[in-house]
Amino acid sequence: MSMLYVLIPLAVVLLAIAVFALLWAIKHGQFDDLETHGWSVVLDDDQKPPPAVVDARSDAEEKEVR
Amino acid sequence: MTVKARSCFHCGQPVPPVCNLSVEVQGQLQAVCCSGCEAVANLILKSGQASYYQFRTETALRPALEDLSIEDAWKRYDERHSLWGSPLKDGRNELLLQVEGIRCAACAWLIRSQLEAREGIDQVQVDVATGFVRINWQPAKLRLSRIAGILAGVGYRPHLPLASAESMGRQHERRDALKRLGVAGLGMMQVMMYAAGLYAGDAMGISEGFERFLQWISLIVTTPVLLYSGRGFYTSAWRSLSHRRIGMDVPVALAISIAFIMSCSNFLTGNGHVYFDSVVMFIFFLSLGRYAELVIRHRNLQTGLALARLLPEWAELVRNGQSEQVPAIDLRIADRVRVRAGQTFPADGLVIKGSTDADEALLTGESRPVKKHPGDAVIAGSINRAQAVEIEVSRDPDDSTVSVMGRMLLKSQTHRSRYAQLSERYAGWFVAVVLTVAVLTALWWLKHDMEMLLPAILAVLVISCPCALSLATPAAIASAGRALLEQGLLLTRSEALEILGSIDTIVFDKTGTLTSGSPTVVNTVLNPDRNGYETDDVLRIAALLETDSSHPVAKAFADIGVNREEVADLVIHDNGVEGRVGGKNYRLGNAAFTHVNVTDLMGGYGRLWLVDQAGWIARFDLDDGLRESAGETMDFLRSRGLDLVILSGDHPQAVASVASRTGIEIWYAEQTPGMKMEFIESLQANGKKVLMIGDGVNDAPVLSMANISMTVSGASELANSTADFIITGTSLKYIEYILLAGDRTRSVIRQNLAWALAYNLCAVPFAAAGMIVPWMAALGMSLSSLLVVLNSGRLARKKSPVIPRAQAGLVTP
């Protein structure tokens, strides 16, 4: 049982680390948006629009606006 | 002509029967409703981002035609450094834009991957909840207007960064509250764990050294929680005391202090119990409540932003024959402003040059454009439909009709928040009763048995911890809210579900609430005596003739793709249009205009006739169609004994037509927002509880006046921000579903409250009598809270959807 005299203070140190981690995370906006980032797993970030489309779109818009 | 109901692949709205546009998705043709949706969908598909359609949970915003030219409109902001956002180091700026149309996580992904692929944009953050997009970019490499263009290209509408400083301040406040909550939560978990050891020690025996050790640790963890998370309660208690009032936080601060000081003194003297766990638990649950309140308050502030967005951000000021762009907020009385066709009037004023039609539908509910000649008054926020005019500003922007409406809105919101105050007062009373019981217990034990004094007091305090009581309502509502969300129904004010059952009157706003809002061709009749014309031909001719018309009926033909060059000599008259198509002259208009010899009796938008010199060729029957399952829903509402009322700003004929089709007997036409508010107030003065269902901006103050409000699909953002329920689908059947969900929720809340009260009433006397040791109290309290949560969970259990959601996603193979 005397092991608890070591383990519990250790847990308190871990708690302090957890609190600082939480404060850091909140300060850096990790909790500002809880929705989007879960989706980045299923939505593929590597699919960048090919350059051709990027250029073509300006023309398309011009045409649309006439 | 057979009409098959299809919904647009991009925006999910019904595709007009005469529209033939489509996009190719994975080898299949999917219908879209307009050229705007077609352009946006094509761009998304060509960029290889088809998975947006697969993963999105909400349909997209229907792009307006002016969105596609937004890049040109923004070009004049390119050189305004103040609009580039706050400068960071090495030539980068952080821009905060509010963007309309962000509805789900897939939107955020789409925006991020479109923007981040561009040279000059480093990082993009999208906040789905508030619609803010934070862009880290380099103005040297990219124009501001390009960013706007990219956003508009994929179907989102950016707004100028109006109040970035204010929104940063709010973000700060929210993060602060979250920090306090998080610290209290982590602290609570730890201290509860030590408390479990101490309570177990009470029951089974514990070595003295170990007990003191656990108390030490509890003290070490509790003190920072009290100082950091509890600080807010002390400052607010002190503030109210210094104003000689007893605020809600006074008993809170008192309870925390008593428990903490008592525990400390017990700890120092080395006898008796410590109650650090009660201290942190109180702080945590109260912080949780405060955080929820903060989120709601911020949502209300958002309303102000939505109002501001109705007005254009810039105005074209005319001075000595020269015109220049100035911020609309700087306009002053007697300034001359030019407003071009299609633009929004930036201020209230008088027309001094030119005449036009103004669309005031959003503000007055009047669906037809109003003629404006020199000397007529125009209101800020209405849209110039016909041609450029010059106006003289007659009111400062702060006093304009829209701003006054904003203040009205604020007033009715404060009026409504009384409910919230009421529940706070109950909480205060509850704390007061608990404290009184604790004091009485203390007095009794002081006389009889000093040994039992503190354990009894603490048993009272812990066992009566209002956890189960305070969880009873929110837990049930959270579960019900989740179930509603699965049906596409957004619950934005939680008390609304509770009071839903007391509703006895439902007030509808006709325009767009009961009807689908825009005229459609419901029937095309060809003249049997005329050969050589097919239905498609006459629709195409009609669409060509209506190309330049801004009359509402022109919308019925707007979705037929036609080539503007095929029509010549277009003349727009009051009651119709004429022009030359394929070398022949045609006229399109009502019976009088086209000289067709019939008596026209049809209500609504009436009939249009297409004629040439030889006589009539075709007849188009137009109407503002009722929303899906309007009839059934009205029957259901009547069967619940609810009074149904239509309160509309529209013309009497239009309202009468809708009233007779839905079977609603009480209706009022030509109502201004002020009159609507008075009507609702008089209903409420007679003890009626009113549910208001609306959609227009003019309804916003009225919506927040009513006891409960709902907006239906297609509602303006402002109306949405004041509504308690937002229905994202098009069917009125959702109203029925919400009412039934309200019934279920209320019965669960009643069960929860009954349980929590019964538990407290039974347990407190035993605790005061010293028959319950604190660890039993803690266990009882946790179990009773658990029971409440489990009971509430029943509400979220999946039920088959009432109405299948509009099919808008990709069909996965």
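Everything quoted here is computed from the prediction, not taken from an experiment. We use all heavy atoms of the structure for the numbers below, so side chains are in, but hydrogens, waters and symmetry mates are not. Convention: sequence-line order gives letters A, B, ...; per-chain numbering from 1.
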Side chain / backbone / both / neither for [X] at chain A, heavy atoms under 4.5 Å:
X: B:Ile44; answer: neither
X: B:Ile217; answer: side chain
X: B:Val221; answer: side chain

Top residue by heavy-atom pair count (under 4.5 Å) with chain B, among A:Leu22, A:Val12, A:Ile8?
A:Ile8
Do B:Leu186 and B:Val225 have side-chain heavy atoms sitting under 4.5 Å apart?
no
Do A:Phe31 and B:Arg174 have side chains that get closer than 4.5 Å, going by heavy atoms?
no
What are the two closest non-hydrogen atoms of B:Ile121 and B:Val124, and how far apart are they?
CG2-CG2, 3.6 Å
Identify the two heavy atoms, one from B:Arg118 and one from B:Arg146, that lie closest to each other, and give their separation to 0.1 Å.
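Where B:Arg118 meets B:Arg146 most closely, the heavy atoms are NH1-NH1, 4.2 Å.
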Between side-chain atoms of residues 187-198 of chain B and protein atoms elsewhere (two or more places apart, or another chain), which donor-acceptor pairs fall under 3.5 Å?
residue  : atom : partner  : partner atom : Å
B:Gln190 : OE1  : B:Tyr194 : OH           : 3.2

Report which part of A:Leu23 has an atom under 4.5 Å of a heavy atom belonging to chain B: side chain, backbone, both, or neither.
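Both parts, backbone and side chain.
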